[in-house]
Amino acid sequence: IEDEEKWLAEGIAGIQHNAFYLHRALDSDNLREALKYSALLLSELRTSRLSPHKYYVLYMRAFDELRRLEMFFRDEDRHGCSVGDLYELVQHAGNVLPRLYLLCTVGSVYIKSKETSAKDVLKDLVEMCRAIQHPVRGLFLRNYLAQVSRDKLPDIGSEYEGEGDTVMDAVEFVLQNFVEMNKLWVRMQLQGPLVDKEKLEKERSELRDLVGKNLHVISQIEGVDLDIYRDTVLPRIVNCKDELAQYYLVDCIIQVFPDEYHLQTLETLLGACPQLQPTVDLKTVFSQLMERLSNYASCNPELLPEFLHVEAFSKLSGAIGKVIETQVDMPIVGAITLYVSLLSFTLRVHPDRLDYVDQVLGACVKKLSGKPKSEVSKATKQVVALLSAPLDQYDDIVTALTLSNYPRVMDHLDSGTNKVMAMVIIRSIMKNKTCVSTSDKVEVLFELIKGLIKDLDGTSTDELDEDDFKEEQCSVACLVHMLYNDDPEEMLKIIHVVWRHVMAGGPRRLPFTVPPLVFSALKLVRRLQSEDGDVAGEEFPATPRKIFLLLTQIIEALSTVPAPELALRLYLDCAEAANDRDLEAVSYELFTQAFVLYEEEIVDSKAQVIALHLIIGTLQRMHVFGVENRDTLTHKATGYSAKLLKKPDQCRAVYACSHLFWADDHDGVKDGERALLCLKRSLRIANAAQQMASATRGISGPVTLFVEILNKYIYFFEKGNPQITPSVIQGLVELIKTELQTDGTTATTSSDAFFSSTLRYIEFQKQKGGVIGEKYDPIKL
Amino acid sequence: VFIDLEGFLLVEAKFQMNYIIGAFKPACHVSVTFSDAKSRKQVPLKKENGQTVMVALFRSLENISGLVSVEPVLGKKVDHNGIKVELLGQIEMYFDRGNFYDFTSLVRELDVPGEIYERKAYPFEFSTVEMPYETYNGINVRLRYVLKVTINRGYAGSIVQYQDFVVRNCTPAPSINNSIKMEVGIEDCLHIEFEYNKSKYHLKDVIVGKIYFLLVRIKIKNMDLEIRRRESTGSGASTHVETETLAKFELMDGAPVRGESIPIRLFLSPYDLTPTYRNTNNKFSVKYFLNLVLVDEEDRRYFKQQEITMYRLG
């Protein structure tokens, strides 16, 4: 590389040296000297030692000097030689490269002078330039030719257009120059030592723009209309056998010519593609073409009939099929990429043609089938893209669900990708808030996302990342809520379908999938409530009774996990729903299930506390039970409360139970005595707790429990429980006060604050007056 | 590295006086003027001393007429035994320099013996002189035409004055002028087909043609077209052949591949060519050849030589 710098510097010096004499000759209008020194100057371009990049630098230097020379040539008065003679004169130069540079320079002046037909000169120049067979030198020479002739083509409307000079001559000239340049460019790879292959490729790509410029020139020729393009230009361009060139050229064509032409010449353009060498990066070419066409279509919707007329889709699809067929060695990634492009084209141009979309997917399936998964997995990204495309387009998974080939493509994914894809689908649904409304669709959908629903191919969930797994399952849970139909019957079907799929998920998934399903079913139950559910009789499937039956089954499934706490909650929720539907037996049964779980499954004391409070809370709201059932249940609940392990827990559970005997609504149970009994009992437990604390730790526990109980008393007092008298409250307040005094040190600030704010409340109620105020009156603080 | 730019060396017309250089001061000035000197074309002629002079140009069968004027140096008289003018066509071989072989010799007596006191002019005329050969300056041979004025003075030594002129004979364009087309090559290495549009070219002609590469297995660096002149002198065992390359014209730069065709367009006017002389008075011949030379990257040369006939167009 250092050498190269040196050689470049030498070349520049050579040019500068001769340029000096050239300028002097030009200044003195000395043609002979001017020709001599310009030839010498141009001889510097004969070097073979520079890379294209450096050669370009040299070329630009020479180019500048040739501009001056051209000015001189143009002025016949200065050199006294007619341009025709000049055209001969420069051909006397002994070296071919300088000779041709000079010839091109004079040639451009010759055309400009209009003393002869532009066509003849152009033809002669492009022909004579064949003498340079060295790729780099030839490319630059022809580039020079293209550059000086560019504004002198006999284009339509150009001043050089004449009788014999038509736009066809212009096209012919540019095309020929292009073909020759392309040959030289292609030949570059045959030159030079093989070891430098990489370098060579780099140099080639540096030079490709010189070749491509010709296409640009053609595209700029006014007179090139569709006919000329189709019949003359395109066939010549695609008729090239080199891979790098093919790729670049097709790319160039796509870039420089109008979309309309591509649309009309699809057949030719595509026809060339299967002939392209197997290594040509067809997918990029195709994607670009289809991208262009789809942009074209979306910008000009009125052209849609035209697209249909030329059968753009079937041509593209056919071409791609052919390419994949002929290029046997094409990696599967390539094939799928092609299909992705085709698909996005289809989606953008013919969004209404689902059959097209399905066709593309079908072709993909064909390609994928029979390939080992290991191979397919290399194309994972592409397949995901393929499958995502319709989702993005339609904003509606439902459309995709109607594509029969969609799931078949998914089948070819490995389980990991399958999951990714499933997530994509779910996200799409969530994003678009798509409602999946029939059981059939749900069936298909769950088939699609089965990667998330169950273990595939024996892949164990153990290996999975816990967080990922959770996220996936939460997505599924979200999805369940998107399945909805106004028709209860259909909705029930949907629930059945989901249930069937969810069941297959195994114990790890059930805790995630069961709750949404349960709630979905409960929602249905609530909806039925507004209708005359039961009257329709047994033949009507969507009865609440049946649904509850199903619900029980669903929740039972959790026992395999096992997840007793969750199941218990769900039972309670169901029971409450049954309560709302006035189904006493069902509700009772569900409660029973919950109690059984409590007794048999929930062993952790903390869990017990929580579960118990849930039971109590739910039970309190129940109104469907007859006295007997209710007694049984409340009795059980109170019994459990007293059997909790820790005293404070016992205490709290017991005073909570008091609510079971005093429902606030007007027709609820109001058994003041038993409520008071509960409170008294809790007071006893609190006391015992206090003593236990002082016995074990020498200090008595906080008075919080007492304050809490006091609050319960006040609650029932206000609600009008006759058993709660002001004196009872008074007594309790006194008790707490004594406790606080005897044991002031241990009083925590929180219980202190709790107590004082309770007292403040009583004070407030007293002062407020009215009915409540009078009630409080007897209490003295 | 650079090939000569002979192409650009435009022929410069320089007129130079014809001085008589001698050791002794001559007794008189002798000069020859042609009667149509004003209208007659002048062409450059390279003298033995290397100087180029402009001289009159004639064709065969033209009348050569003019005046010989003798002007004695002031105050001197010239005694003479007669004055004559000769028209000589001479061939001089350089291995035998100074010895001229006259193939044409015509004499006109201008004056009977007598004395000249003042400037005296003698008209002369050679009518329809046959001058079949052209003036030629070669490497080993020279053909010249000259008017030789001799003032015969016996013991005092004759005064001799030469006046060169050039003869060029035009020929009509040949009625048959086939192209030269040939396929040559080295087996499995290089096959080319070349074509020159004619086999006979006039001196200001253009050689147009092309070279078509049928097979290329060697890496060619460049290709030149040379114009070579072969001058043979003498005959039989003593034949001497001298070849010189008058033009070296690069046709192609770089390595072509199979199927390429390279254009040829070579203007002959910049080069100093003569017509082909097949047999000049059994003394010498001058022939022209086009030599196509391909040079490969190891500087090996592959060439094919083809004779072309040069002629002078009227």
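Proteins come first, then strands; the chains are lettered A, B, ... in the order of their sequence lines, and each starts at number 1.
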Quiz item: More than 12 non-hydrogen atoms from neighbouring residues, nucleotides or ligands closer than 6.0 Å to NZ on A:Lys123, yes or no?
Solution: no

Quiz item: Near A:Tyr56 OH, under 6.0 Å, is it more than 12 heavy atoms from other residues, nucleotides or ligands?
Solution: no

Practice problem: Report the residues that fulfil side chain to side chain donor-acceptor pair (under 3.5 Å) with B:Arg217, sequence neighbours left out, ordered by chain and then residue number. | Solution: none

Quiz item: What residues form a side chain to side chain donor-acceptor pair (under 3.5 Å) with B:Asp253, not counting sequence neighbours?
Solution: A:Arg137

Quiz item: Are B:Arg265 and A:Glu127 ion-paired here, with the side-chain N under 4.0 Å from a carboxylate O?
Solution: no

Quiz item: Could you give the distance from CD (A:Gln133) to CG (B:Asn222), rounded to the nearest 0.5 Å?
Solution: 12.5 Å

Self-check item: A:His23 atom NE2, over 12 foreign heavy atoms within 6.0 Å
Solution: yes

Exercise. Can you establish whether the number of heavy atoms outside B:Tyr94 located under 6.0 Å from its atom OH is more than 12?
Key: yes

Quiz item: Looking at NE2 of A:His92 and CZ of B:Phe267, how far apart are the two atoms once the value is rounded to the nearest 0.5 Å?
Solution: 5.5 Å

Quiz item: Is it the side chain or the backbone of A:Glu180 that comes within 4.5 Å of chain B heavy atoms, both, or neither?
Solution: side chain

Practice problem: Find the one option among A:Asp124, A:Val136, A:Leu31, A:Leu100 whose heavy-atom pairs under 4.5 Å with chain B are most numerous. | Solution: A:Asp124

Exercise. Report yes if the side chains of A:Lys183 and B:Glu260 come closer than 4.5 Å at any heavy-atom pair, otherwise no.
Key: yes

Quiz item: Going by heavy atoms in the side chains, are B:Ser269 and A:Glu88 under 4.5 Å from each other?
Solution: yes

Self-check item: Minimum heavy-atom distance between B:Pro263 and A:Ala131, given as atom pair plus value
Solution: CD-N, 4.2 Å

Quiz item: Do other residues, nucleotides or ligands put more than 12 heavy atoms under 6.0 Å from B:Asp272 CG?
Solution: no

Practice problem: Determine the minimum heavy-atom distance between B:Phe249 and A:Gln91, stating which atoms define it. | Solution: CE1-O, 3.4 Å

Self-check item: Interatomic spacing from CZ in A:Arg130 to CE in B:Met252 - rounded to 0.5 Å
Solution: 13.0 Å

Practice problem: Measure across B:Glu250 and A:Asn95 and return the closest heavy-atom pair with its distance rounded to 0.1 Å. | Solution: OE1-ND2, 2.9 Å

